[in-house]
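Report on the following structure.
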Amino acid sequence: MPKSKSLFETAKRVIPSGVTSPVRYYEPYPFFAKKASGSSIWDVDGNKYIDFCYGYGAMLLGHRREEVVSAVRRQLDVGTLYGTPTDLEVDLADLLRRAYPSMSKVRLVNTGSEATMTAIRLARGITKKKKIIKFEGCYHGAHESMLVKAGSGSAHNGISVSDGVPQDFTKNTIVVQYNNIEQLDEVISKNKDVAGVIVEPVLGNMGLILPQKNYLSEMRKLTKQHDIPLIFDEIITGFRMSLGGAQQYFGIKPDITTLGKSLSNGFVISAVGGRRDIMDQLAPGGKVYEASTFAGNPISVAAATASVKTMKKLQNKLYPKLEKYCGKLSKAIGEIAHDFKIPHQVNSISSMFQIFFTDVPVVDYATSKRSDTKKFHALFSHLLKKGIFIAPSQYETGFFSLAHTESDLSKTTSAYEYALKMVKS
Ligand SMILES: *Cc1c(COP(=O)(O)O)cnc(C)c1O
């Protein structure tokens, strides 16, 4: 890929590490994208790939979905930023409320990081408490209190994972093990200062990890008993697992929800919503501050509204199709790896899938870390050569979209067969 290679050399001179977000870098250099359409993405050297990275899960309807693109085009003709409310945002909030009955009120923000930062501030605001419980391996954005890893032994106080984030900013984050309800129970019972629990209902940022049976309902029961707001970070699972996200899929009602990624099929918008009494804490009516110049900008709102309407209209076709395709590919990957006698686990649910190279079931951070990441990188590189683009890291997830076709599915299966054979040798 001579053009990508040369662009990367230039990029490194003007952009730190040559990339605009860390996970986009991989050895020896990332491909530079030129255009995308449906399930395909092309690089600057003219190679075409079937996309499973999909903007890290944002493109649920596929690249350049007509309804979304034309809604944005229409909006471009009448204004891109007003700095005063619009009917568009009222319509969108109402659409969200209908799809997510746990969200009585919604505030629109730009990025997922802003949404979770606001959710956490709201939880602390309403409880007047300090500690936030998060789960090891869950990602909630790049703000101070969430850039933490677990402490050693039974100390659950979060340890900063980034220079520039002093311990003072992470000491109120408690990190516990995902899929371990006993530990959560113990930490909550011992600690009277817990303001909230934040979780990815299905973990999509440590590879793909599923909640064990009743784990989420037990978590809901525990937090309710102790009057602790439960935050579902549905930035990946929202609209992806069902129109009403993981909460509809599992039948659980969180107190606060964050949405992003698939919400707008490729534009900059996220949302935070929840119980009326919690949301009413937000300024100017309440005392929890949150603000942004670009929040609710009409371009992103138009894209989100068109996306939600399209997902709603197509839901009876969309979700069964995603589930069917993803189920087929996941099963095939497992069978191929089994035939080649490669130690592996395939985790999959609805439209998401990931393979791990380990013989232990992957149920949390520690077991995910047992995967052989060298093998994963080899898999990624061989798939890329065969025209399949998955996220370059073991600790990400593969995503299906409405745009994938039967032919994509068979090409992808063959590519995995080739790549796994290469990984084995
Ligand atoms: C992507 C992601 C975020 C952060 O969203 P940004 O828009 O990248 O700030 C937060 N939580 C989860 C679960 C995510 O997957």
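Counting convention: from 1, in listed order, for ligands and their atoms alike.
At a 3.5 angstrom cut-off on N or O pairs, H140 does not count as close to ligand 1. The shortest N or O to N or O distance between T116 and ligand 1 is not under 3.5 Å. Considering backbone and side-chain N/O of I235, none are found under 3.5 Å from N/O of ligand 1.
For atom 6 (P) of ligand 1, a protein non-hydrogen atom is found at a distance below 4.0 Å.
Judged by a 6.0 Å distance limit and a 45° cone about the ring axis, K317 is not positioned over the six-membered ring of Y319. Figure legend: cation-pi geometry between K34 and W42 absent, as NZ or CZ is not positioned both under 6.0 Å from the six-membered ring centre and within 45° of its axis.
Atom CD of residue E200 and atom CD of residue E234 lie 10.0 Å apart, to the nearest 0.5 angstrom. The structure places NZ of K48 at 12.5 Å from CG of D43, a figure rounded to the nearest 0.5 Å. The line from CZ of R240 to CG of L322 is 7.0 Å long, rounded to the nearest 0.5 Å.
For atom 8 (O) of ligand 1, the closest non-hydrogen atom of the protein is S113 OG, 4.6 Å. When hydrogens are left out, the protein atom nearest atom 2 (C) of ligand 1 is K261 NZ, 2.7 Å; that is the closest non-hydrogen contact. The protein atom (non-hydrogen) at minimum distance from atom 11 (N) of ligand 1 is D233 OD2, 2.7 Å.
Side chains of D185 and S189: a donor on one and an acceptor on the other come within 3.5 Å.
With a 4.0 Å heavy-atom cut-off, ligand 1 is reached by the side chain of N205 but not by its N, CA, C or O.
In this structure, Y215 and Y178 have perpendicular ring planes: the angle between them is above 60°, well past the 30° mark.
For ligand 1 and I236, the ligand atoms under 4.0 Å from any heavy atom of the residue are 15 (O). Close contacts of ligand 1 with T111, meaning ligand atoms under 4.0 Å from a residue heavy atom, involve 7 (O), 9 (O). Near E200, meaning under 4.0 Å from one of its heavy atoms, ligand 1 places the atoms 13 (C).
Residue contacts with ligand 1: E234 is excluded, as none of its non-hydrogen atoms falls under 4.0 Å.
In this structure the side chain of R13 reaches within 4.5 angstrom of the side chain of T10, judged on heavy atoms.
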